[in-house]
Number of protein chains: 2
Amino acid sequence: MTPPDQALRADAKRNRDRIVQVAREALRTTGDVSLNAIAKTAGVGSGTLYRHFANRDALLIEVYREEIRDLVDQVAPLLAEHPPLVATRMWFEALAEAMKTKQGLGDALTGSTKQTVTSESYGPVVGAIRALLDAGEATGEVRPGLDVDDVLLLLGALWRVPPGAEGDEQGERLMSLILRSIAA
Amino acid sequence: MTPPDQALRADAKRNRDRIVQVAREALRTTGDVSLNAIAKTAGVGSGTLYRHFANRDALLIEVYREEIRDLVDQVAPLLAEHPPLVATRMWFEALAEAMKTKQGLGDALTGSTKQTVTSESYGPVVGAIRALLDAGEATGEVRPGLDVDDVLLLLGALWRVPPGAEGDEQGERLMSLILRSIAA
DNA sequence: ACCTGAACACCGTTCAAGT
DNA sequence: ACCTGAACACCGTTCAAGT
(Lines give C-alpha, C1' and ligand atoms only; values in the text may rest on other atoms or scores of the structure.)
Protein backbone atom coordinates (compact mmCIF):
# COMPACT_ATOMS: atom_id res chain seq x y z
CA MET A 1 0.00 0.00 0.00
CA THR A 2 1.62 3.21 -1.10
CA PRO A 3 0.45 6.53 0.33
CA PRO A 4 -1.53 8.84 -1.92
CA ASP A 5 0.91 11.66 -2.49
CA GLN A 6 4.09 11.74 -0.54
CA ALA A 7 7.43 10.66 -1.87
CA LEU A 8 6.24 8.63 -4.83
CA ARG A 9 8.41 8.30 -7.86
CA ALA A 10 6.89 10.17 -10.77
CA ASP A 11 5.90 7.04 -12.70
CA ALA A 12 4.51 5.40 -9.57
CA LYS A 13 2.31 8.37 -8.83
CA ARG A 14 1.14 8.44 -12.43
CA ASN A 15 0.22 4.75 -12.26
CA ARG A 16 -1.55 5.15 -8.96
CA ASP A 17 -3.63 8.03 -10.23
CA ARG A 18 -4.49 6.19 -13.42
CA ILE A 19 -5.68 3.14 -11.49
CA VAL A 20 -7.92 5.19 -9.23
CA GLN A 21 -9.31 7.15 -12.15
CA VAL A 22 -10.09 4.04 -14.18
CA ALA A 23 -11.62 2.33 -11.15
CA ARG A 24 -13.81 5.33 -10.41
CA GLU A 25 -15.03 5.39 -13.98
CA ALA A 26 -15.72 1.66 -14.01
CA LEU A 27 -17.50 1.63 -10.66
CA ARG A 28 -19.85 4.34 -11.83
CA THR A 29 -21.76 1.83 -13.92
CA THR A 30 -21.34 -1.48 -12.12
CA GLY A 31 -19.88 -3.02 -9.01
CA ASP A 32 -18.40 -6.13 -10.51
CA VAL A 33 -15.27 -5.08 -12.26
CA SER A 34 -12.26 -7.29 -11.75
CA LEU A 35 -9.07 -5.81 -10.44
CA ASN A 36 -7.26 -7.37 -13.39
CA ALA A 37 -9.60 -5.58 -15.76
CA ILE A 38 -8.96 -2.29 -14.01
CA ALA A 39 -5.23 -2.81 -14.20
CA LYS A 40 -5.44 -3.67 -17.89
CA THR A 41 -7.60 -0.65 -18.73
CA ALA A 42 -5.27 1.56 -16.74
CA GLY A 43 -2.41 0.17 -18.77
CA VAL A 44 -0.46 -1.18 -15.84
CA GLY A 45 0.56 -4.65 -14.78
CA SER A 46 -1.61 -6.37 -12.21
CA GLY A 47 1.28 -6.39 -9.77
CA THR A 48 1.36 -2.62 -9.91
CA LEU A 49 -2.21 -2.41 -8.78
CA TYR A 50 -1.47 -4.68 -5.84
CA ARG A 51 1.60 -2.67 -4.98
CA HIS A 52 -0.57 0.38 -4.51
CA PHE A 53 -3.68 -1.24 -3.07
CA ALA A 54 -3.52 -4.24 -0.79
CA ASN A 55 -7.03 -5.35 -1.65
CA ARG A 56 -10.24 -4.39 -3.33
CA ASP A 57 -11.55 -2.48 -0.32
CA ALA A 58 -8.45 -0.32 -0.17
CA LEU A 59 -9.02 0.70 -3.77
CA LEU A 60 -12.71 1.34 -3.11
CA ILE A 61 -11.88 3.61 -0.20
CA GLU A 62 -9.42 5.60 -2.27
CA VAL A 63 -11.88 5.94 -5.13
CA TYR A 64 -14.55 7.35 -2.87
CA ARG A 65 -12.37 9.24 -0.43
CA GLU A 66 -13.27 12.72 -1.63
CA GLU A 67 -16.98 11.97 -1.90
CA ILE A 68 -16.97 10.74 1.66
CA ARG A 69 -15.11 13.82 2.80
CA ASP A 70 -17.62 16.09 1.07
CA LEU A 71 -20.45 14.19 2.70
CA VAL A 72 -18.92 14.43 6.14
CA ASP A 73 -18.27 18.12 5.65
CA GLN A 74 -21.98 18.67 5.18
CA VAL A 75 -22.78 17.84 8.78
CA ALA A 76 -21.71 21.15 10.25
CA PRO A 77 -23.71 23.40 7.87
CA LEU A 78 -26.75 21.14 8.19
CA LEU A 79 -26.63 21.37 11.96
CA ALA A 80 -26.21 25.13 11.73
CA GLU A 81 -29.36 25.60 9.69
CA HIS A 82 -31.75 22.93 10.96
CA PRO A 83 -32.91 21.36 14.19
CA PRO A 84 -30.77 18.30 15.00
CA LEU A 85 -33.35 15.70 14.02
CA VAL A 86 -34.05 17.40 10.71
CA ALA A 87 -30.36 17.71 9.99
CA THR A 88 -29.96 14.05 10.89
CA ARG A 89 -32.69 12.98 8.51
CA MET A 90 -31.22 15.03 5.69
CA TRP A 91 -27.75 13.70 6.22
CA PHE A 92 -28.91 10.10 6.53
CA GLU A 93 -30.71 10.54 3.22
CA ALA A 94 -27.58 11.88 1.59
CA LEU A 95 -25.55 9.00 3.01
CA ALA A 96 -28.02 6.41 1.76
CA GLU A 97 -28.10 7.98 -1.68
CA ALA A 98 -24.31 7.96 -1.82
CA MET A 99 -24.06 4.34 -0.73
CA LYS A 100 -26.55 3.22 -3.31
CA THR A 101 -24.45 4.53 -6.17
CA LYS A 102 -21.04 3.81 -4.68
CA GLN A 103 -21.01 0.08 -5.27
CA GLY A 104 -19.67 -2.00 -2.43
CA LEU A 105 -18.71 0.90 -0.21
CA GLY A 106 -21.63 0.38 2.13
CA ASP A 107 -20.58 -3.17 2.83
CA ALA A 108 -16.99 -2.09 3.24
CA LEU A 109 -18.18 0.39 5.83
CA THR A 110 -20.39 -1.91 7.86
CA GLY A 111 -18.67 -5.16 7.00
CA SER A 112 -16.02 -7.26 8.63
CA THR A 113 -13.25 -5.41 6.83
CA LYS A 114 -13.97 -2.53 9.19
CA GLN A 115 -10.42 -2.55 10.49
CA THR A 116 -8.77 -1.80 7.16
CA VAL A 117 -11.26 0.91 6.50
CA THR A 118 -11.15 2.55 9.88
CA SER A 119 -9.01 5.59 9.50
CA GLU A 120 -9.96 6.23 5.90
CA SER A 121 -13.73 6.30 5.67
CA TYR A 122 -15.32 4.44 8.50
CA GLY A 123 -13.77 6.87 10.95
CA PRO A 124 -15.08 10.07 9.39
CA VAL A 125 -18.54 8.62 8.79
CA VAL A 126 -18.76 7.45 12.37
CA GLY A 127 -17.63 10.89 13.46
CA ALA A 128 -20.36 12.50 11.40
CA ILE A 129 -23.06 10.33 12.91
CA ARG A 130 -21.66 10.96 16.37
CA ALA A 131 -21.89 14.70 15.84
CA LEU A 132 -25.50 14.46 14.71
CA LEU A 133 -26.49 12.27 17.64
CA ASP A 134 -24.73 14.52 20.11
CA ALA A 135 -26.52 17.58 18.78
CA GLY A 136 -29.82 15.79 19.16
CA GLU A 137 -28.92 14.67 22.63
CA ALA A 138 -28.16 18.23 23.62
CA THR A 139 -31.60 19.45 22.63
CA GLY A 140 -33.29 16.39 24.05
CA GLU A 141 -34.59 15.25 20.67
CA VAL A 142 -32.42 12.16 20.56
CA ARG A 143 -32.26 9.58 23.28
CA PRO A 144 -28.92 9.65 25.08
CA GLY A 145 -26.34 6.87 25.12
CA LEU A 146 -26.79 5.64 21.57
CA ASP A 147 -24.00 3.60 20.01
CA VAL A 148 -22.83 4.88 16.62
CA ASP A 149 -22.16 1.41 15.28
CA ASP A 150 -25.71 0.40 16.14
CA VAL A 151 -27.07 3.32 14.16
CA LEU A 152 -24.77 2.64 11.24
CA LEU A 153 -25.89 -0.97 11.14
CA LEU A 154 -29.53 0.12 11.10
CA LEU A 155 -28.81 2.63 8.35
CA GLY A 156 -27.59 -0.24 6.20
CA ALA A 157 -31.22 -1.08 5.58
CA LEU A 158 -31.51 2.19 3.64
CA TRP A 159 -29.02 1.28 0.95
CA ARG A 160 -30.29 -2.26 0.69
CA VAL A 161 -33.72 -1.30 -0.57
CA PRO A 162 -34.12 -2.89 -3.99
CA PRO A 163 -33.82 -0.27 -6.72
CA GLY A 164 -36.97 0.65 -8.59
CA ALA A 165 -40.06 2.80 -8.40
CA GLU A 166 -41.28 1.55 -5.02
CA GLY A 167 -37.77 1.88 -3.63
CA ASP A 168 -38.17 5.56 -2.80
CA GLU A 169 -41.26 4.99 -0.71
CA GLN A 170 -39.68 2.09 1.11
CA GLY A 171 -36.67 4.27 1.78
CA GLU A 172 -38.86 6.94 3.34
CA ARG A 173 -40.71 4.42 5.47
CA LEU A 174 -37.45 2.92 6.69
CA MET A 175 -36.09 6.36 7.45
CA SER A 176 -39.12 7.07 9.65
CA LEU A 177 -38.69 3.78 11.47
CA ILE A 178 -35.01 4.42 12.10
CA LEU A 179 -35.60 7.97 13.28
CA ARG A 180 -38.36 6.77 15.57
CA SER A 181 -35.97 4.26 17.09
CA ILE A 182 -33.33 6.87 17.92
CA ALA A 183 -35.68 9.67 18.95
CA ALA A 184 -36.11 10.44 22.65
CA MET B 1 -33.66 -27.52 -11.29
CA THR B 2 -35.14 -30.82 -10.34
CA PRO B 3 -37.85 -31.04 -7.67
CA PRO B 4 -36.93 -32.51 -4.31
CA ASP B 5 -38.80 -35.78 -4.37
CA GLN B 6 -41.19 -36.47 -7.16
CA ALA B 7 -40.45 -38.68 -10.12
CA LEU B 8 -36.68 -38.68 -9.86
CA ARG B 9 -34.76 -41.62 -11.15
CA ALA B 10 -33.20 -43.51 -8.28
CA ASP B 11 -29.64 -42.46 -9.07
CA ALA B 12 -30.72 -38.87 -9.62
CA LYS B 13 -32.41 -38.72 -6.25
CA ARG B 14 -29.39 -40.28 -4.61
CA ASN B 15 -27.11 -37.67 -6.18
CA ARG B 16 -29.40 -34.83 -5.21
CA ASP B 17 -29.55 -35.93 -1.61
CA ARG B 18 -25.79 -36.40 -1.46
CA ILE B 19 -25.18 -32.90 -2.76
CA VAL B 20 -27.51 -31.32 -0.22
CA GLN B 21 -26.03 -33.34 2.61
CA VAL B 22 -22.44 -32.47 1.70
CA ALA B 23 -23.38 -28.82 1.25
CA ARG B 24 -25.08 -28.70 4.63
CA GLU B 25 -22.06 -30.21 6.27
CA ALA B 26 -19.68 -27.83 4.53
CA LEU B 27 -21.76 -24.73 5.25
CA ARG B 28 -21.79 -25.51 8.92
CA THR B 29 -18.21 -24.34 9.25
CA THR B 30 -17.79 -21.72 6.57
CA GLY B 31 -19.68 -19.84 3.91
CA ASP B 32 -17.10 -19.93 1.18
CA VAL B 33 -17.22 -23.38 -0.26
CA SER B 34 -17.12 -23.62 -4.02
CA LEU B 35 -19.85 -25.46 -5.82
CA ASN B 36 -17.19 -27.49 -7.59
CA ALA B 37 -15.78 -28.53 -4.24
CA ILE B 38 -19.21 -29.60 -3.06
CA ALA B 39 -19.76 -31.62 -6.20
CA LYS B 40 -16.38 -33.28 -5.86
CA THR B 41 -16.90 -34.17 -2.19
CA ALA B 42 -20.34 -35.49 -3.03
CA GLY B 43 -18.74 -37.67 -5.68
CA VAL B 44 -20.73 -36.25 -8.58
CA GLY B 45 -19.78 -34.34 -11.69
CA SER B 46 -20.17 -30.58 -11.57
CA GLY B 47 -22.81 -30.77 -14.28
CA THR B 48 -24.93 -32.92 -12.00
CA LEU B 49 -24.94 -30.25 -9.33
CA TYR B 50 -26.09 -27.67 -11.87
CA ARG B 51 -28.74 -30.02 -13.17
CA HIS B 52 -30.29 -30.11 -9.72
CA PHE B 53 -29.61 -26.55 -8.60
CA ALA B 54 -29.69 -23.63 -11.00
CA ASN B 55 -27.45 -21.52 -8.81
CA ARG B 56 -25.86 -21.21 -5.42
CA ASP B 57 -28.93 -19.64 -3.84
CA ALA B 58 -31.13 -22.52 -4.92
CA LEU B 59 -28.81 -24.93 -3.17
CA LEU B 60 -28.68 -22.73 -0.07
CA ILE B 61 -32.45 -22.64 0.13
CA GLU B 62 -32.69 -26.40 -0.16
CA VAL B 63 -30.03 -26.93 2.49
CA TYR B 64 -31.86 -24.75 4.96
CA ARG B 65 -35.43 -25.55 3.99
CA GLU B 66 -36.27 -27.63 7.05
CA GLU B 67 -34.60 -25.28 9.50
CA ILE B 68 -36.61 -22.42 8.07
CA ARG B 69 -39.79 -24.44 8.33
CA ASP B 70 -39.08 -25.28 11.97
CA LEU B 71 -38.44 -21.63 12.69
CA VAL B 72 -41.63 -20.52 11.02
CA ASP B 73 -43.59 -23.19 12.90
CA GLN B 74 -42.48 -21.64 16.16
CA VAL B 75 -44.55 -18.52 15.60
CA ALA B 76 -47.91 -20.00 16.56
CA PRO B 77 -46.82 -21.51 19.90
CA LEU B 78 -44.92 -18.36 20.80
CA LEU B 79 -47.97 -16.24 20.15
CA ALA B 80 -50.08 -18.65 22.19
CA GLU B 81 -47.91 -18.33 25.25
CA HIS B 82 -46.68 -14.75 25.23
CA PRO B 83 -47.94 -11.25 24.57
CA PRO B 84 -47.38 -10.32 20.91
CA LEU B 85 -44.42 -8.04 21.46
CA VAL B 86 -42.68 -10.59 23.66
CA ALA B 87 -43.30 -13.33 21.13
CA THR B 88 -41.99 -11.03 18.42
CA ARG B 89 -38.80 -10.35 20.30
CA MET B 90 -38.24 -14.01 20.96
CA TRP B 91 -38.83 -15.00 17.36
CA PHE B 92 -36.66 -12.20 16.00
CA GLU B 93 -33.89 -13.42 18.26
CA ALA B 94 -34.26 -16.96 16.96
CA LEU B 95 -34.27 -15.70 13.38
CA ALA B 96 -31.13 -13.64 13.92
CA GLU B 97 -29.38 -16.56 15.57
CA ALA B 98 -30.29 -18.82 12.66
CA MET B 99 -29.14 -16.33 10.06
CA LYS B 100 -25.80 -15.87 11.78
CA THR B 101 -24.96 -19.55 11.49
CA LYS B 102 -26.63 -20.20 8.14
CA GLN B 103 -24.03 -18.58 5.94
CA GLY B 104 -25.37 -16.48 3.11
CA LEU B 105 -29.01 -17.23 3.74
CA GLY B 106 -29.70 -13.83 5.23
CA ASP B 107 -28.48 -12.09 2.11
CA ALA B 108 -30.41 -14.51 -0.06
CA LEU B 109 -33.51 -13.56 1.89
CA THR B 110 -33.13 -9.80 1.80
CA GLY B 111 -31.07 -9.52 -1.34
CA SER B 112 -31.81 -8.93 -4.96
CA THR B 113 -32.27 -12.63 -5.64
CA LYS B 114 -35.54 -12.33 -3.74
CA GLN B 115 -37.51 -13.59 -6.72
CA THR B 116 -35.85 -17.00 -6.92
CA VAL B 117 -36.26 -17.41 -3.21
CA THR B 118 -39.84 -16.25 -2.94
CA SER B 119 -41.88 -19.39 -2.68
CA GLU B 120 -39.23 -21.38 -0.90
CA SER B 121 -38.04 -19.41 2.09
CA TYR B 122 -38.69 -15.74 1.68
CA GLY B 123 -42.41 -16.45 1.55
CA PRO B 124 -42.69 -18.40 4.81
CA VAL B 125 -40.43 -15.98 6.69
CA VAL B 126 -42.44 -13.02 5.49
CA GLY B 127 -45.58 -14.86 6.53
CA ALA B 128 -44.18 -15.43 9.99
CA ILE B 129 -43.32 -11.77 10.46
CA ARG B 130 -46.74 -10.77 9.13
CA ALA B 131 -48.44 -13.00 11.72
CA LEU B 132 -46.42 -11.48 14.55
CA LEU B 133 -47.11 -7.92 13.43
CA ASP B 134 -50.81 -8.64 13.01
CA ALA B 135 -51.07 -10.07 16.49
CA GLY B 136 -49.40 -6.96 17.87
CA GLU B 137 -51.66 -4.75 15.86
CA ALA B 138 -54.70 -6.50 17.28
CA THR B 139 -53.68 -5.79 20.84
CA GLY B 140 -52.54 -2.29 20.01
CA GLU B 141 -48.92 -3.00 20.92
CA VAL B 142 -47.65 -2.65 17.38
CA ARG B 143 -48.29 0.32 15.17
CA PRO B 144 -50.62 -0.54 12.32
CA GLY B 145 -49.79 -0.52 8.64
CA LEU B 146 -46.23 -1.78 8.87
CA ASP B 147 -44.62 -3.24 5.77
CA VAL B 148 -43.10 -6.68 6.27
CA ASP B 149 -40.25 -6.04 3.86
CA ASP B 150 -39.34 -2.92 5.81
CA VAL B 151 -39.13 -4.91 9.02
CA LEU B 152 -37.12 -7.69 7.36
CA LEU B 153 -34.67 -5.13 6.03
CA LEU B 154 -34.25 -3.65 9.51
CA LEU B 155 -33.78 -7.11 11.00
CA GLY B 156 -30.83 -7.58 8.67
CA ALA B 157 -28.85 -5.42 11.07
CA LEU B 158 -29.16 -8.20 13.66
CA TRP B 159 -27.25 -10.78 11.68
CA ARG B 160 -24.66 -8.29 10.52
CA VAL B 161 -23.30 -7.61 13.97
CA PRO B 162 -19.64 -8.62 13.94
CA PRO B 163 -19.14 -11.89 15.80
CA GLY B 164 -17.37 -11.71 19.14
CA ALA B 165 -17.86 -10.98 22.79
CA GLU B 166 -19.43 -7.55 22.35
CA GLY B 167 -21.66 -8.89 19.62
CA ASP B 168 -24.30 -10.13 22.04
CA GLU B 169 -24.71 -6.75 23.67
CA GLN B 170 -24.88 -4.99 20.35
CA GLY B 171 -27.50 -7.49 19.24
CA GLU B 172 -29.61 -6.71 22.29
CA ARG B 173 -29.28 -2.98 21.78
CA LEU B 174 -30.26 -3.30 18.14
CA MET B 175 -33.22 -5.47 19.05
CA SER B 176 -34.46 -2.76 21.42
CA LEU B 177 -34.09 -0.11 18.74
CA ILE B 178 -35.97 -2.19 16.18
CA LEU B 179 -38.77 -3.03 18.60
CA ARG B 180 -39.06 0.61 19.56
CA SER B 181 -39.44 1.50 15.89
CA ILE B 182 -42.32 -0.89 15.33
CA ALA B 183 -44.08 -0.42 18.67
CA ALA B 184 -47.24 1.68 18.77
C1' DA C 1 12.36 1.75 -6.45
C1' DC C 2 9.17 0.42 -9.28
C1' DC C 3 6.99 -2.09 -13.15
C1' DT C 4 5.69 -6.09 -16.19
C1' DG C 5 3.10 -9.95 -17.24
C1' DA C 6 3.36 -14.89 -17.17
C1' DA C 7 1.96 -18.28 -13.92
C1' DC C 8 -0.70 -20.45 -10.08
C1' DA C 9 -4.55 -22.20 -8.01
C1' DC C 10 -8.64 -21.44 -8.19
C1' DC C 11 -13.84 -19.89 -9.70
C1' DG C 12 -18.80 -20.79 -11.95
C1' DT C 13 -20.71 -22.71 -15.94
C1' DT C 14 -21.28 -25.40 -20.17
C1' DC C 15 -21.60 -29.30 -23.08
C1' DA C 16 -19.98 -33.26 -25.87
C1' DA C 17 -19.72 -37.86 -24.93
C1' DG C 18 -21.12 -41.55 -22.56
C1' DT C 19 -24.64 -45.14 -19.93
C1' DA D 1 -33.06 -39.46 -18.46
C1' DC D 2 -29.27 -38.69 -16.28
C1' DC D 3 -24.24 -38.44 -15.41
C1' DT D 4 -19.23 -37.37 -16.22
C1' DG D 5 -15.49 -34.45 -16.39
C1' DA D 6 -12.73 -31.88 -19.61
C1' DA D 7 -12.88 -27.26 -21.22
C1' DC D 8 -13.87 -22.21 -21.25
C1' DA D 9 -13.41 -17.78 -19.75
C1' DC D 10 -12.63 -15.91 -16.15
C1' DC D 11 -10.98 -14.67 -10.88
C1' DG D 12 -7.39 -12.70 -7.19
C1' DT D 13 -2.68 -12.96 -6.14
C1' DT D 14 2.31 -13.77 -6.55
C1' DC D 15 6.88 -13.26 -8.09
C1' DA D 16 10.90 -13.74 -11.21
C1' DA D 17 12.78 -10.86 -14.38
C1' DG D 18 13.47 -6.60 -16.01
C1' DT D 19 14.53 -1.05 -16.04
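In what follows, chains carry the letters A, B, and so on, assigned in the order in which the sequence lines appear, proteins first and then strands, with residues in each chain numbered from 1.
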Does anything in residues 70-84 of chain B form a side-chain hydrogen bond (donor to acceptor under 3.5 Å, both in side chains)? List the pairs, not counting sequence neighbours.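 Every candidate side-chain hydrogen bond (donor to acceptor under 3.5 Å, both in side chains) pair involving residues 70-84 of chain B fails, so no pair, neighbours aside, qualifies.
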By side chain to side chain contact (heavy atoms under 4.5 Å, CB included) - contacts of [X] (at least two apart):
X        : answer
A:Arg160 : A:Asp107, B:Leu153, B:Arg160
B:Leu60  : B:Leu27, B:Asp57, B:Tyr64
B:Thr30  : B:Asp32, B:Val33

Its contact letters, B for base, S for sugar-phosphate only and - for none at protein heavy atoms under 4.0 Å, make nucleotides 11-18 of chain D read SBBBB---
Round to the nearest Å and state the distance from [X] atom [atom1] to [N] atom [atom2].
X       : N     : atom1 : atom2 : value
A:Arg9  : C:dA1 : CZ    : C1'   : 5 Å
A:Lys40 : C:dT4 : NZ    : P     : 13 Å
B:Arg14 : D:dA1 : CZ    : C1'   : 14 Å
A:Asp11 : C:dC2 : CG    : C1'   : 6 Å
B:Leu49 : D:dC2 : CG    : P     : 16 Å

Read 5' to 3' with Watson-Crick or G-U pairs under 3.5 Å, [ ] for crossing pairs and | for partners on another strand, DNA chain C gives ||.|||||...|||||.||
Quiz: residues 83-98 of chain B side-chain donor-acceptor pairs under 3.5 angstrom, not counting sequence neighbours:
unit_1  : atom_1 : unit_2   : atom_2 : d
B:Thr88 : OG1    : B:Pro84  : O      : 2.7
B:Arg89 : NH2    : B:Ser176 : OG     : 3.3
B:Trp91 : NE1    : B:Leu71  : O      : 2.8

With respect to the side chain of A:Val44, which nucleotide from D:dT4, D:dC3, C:dT4 is positioned closest?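 When the side chain of A:Val44 is considered, C:dT4 is the closest of D:dT4, D:dC3, C:dT4.
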Do any side-chain nitrogens or oxygens of [X] fall under 4.0 Å of OP1 or OP2 in [N]?
X       : N     : value
B:Asn15 : D:dC2 : no
A:Arg51 : C:dC2 : yes
B:His52 : D:dC3 : yes

Please answer whether the main-chain N or O of A:Val44 pairs with a side-chain N or O of A:Thr48 as donor and acceptor at a distance below 3.5 Å.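 Not a single qualifying donor-acceptor pair exists.
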Quick test of your reading: applying salt bridge (charged side-chain N to carboxylate O under 4.0 Å, His left out), list the pairs with at least one residue in residues 124-146 of chain A, sequence neighbours left out, ordered by first then second residue.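 For residues 124-146 of chain A: A:Arg130-A:Asp134, A:Arg130-A:Glu137.
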According to the salt bridge (charged side-chain N to carboxylate O under 4.0 Å, His left out) rule, which pairs have a member within residues 169-184 of chain B, sequence neighbours left out?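 Non-adjacent pairs meeting salt bridge (charged side-chain N to carboxylate O under 4.0 Å, His left out): A:Asp147-B:Arg173, A:Asp150-B:Arg173.
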Considering all heavy atoms of both residues, which atom of A:Leu174 and which atom of A:Ala157 are nearest to each other, and what is their separation?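 Shortest heavy-atom contact: CD1-O, 3.9 Å.
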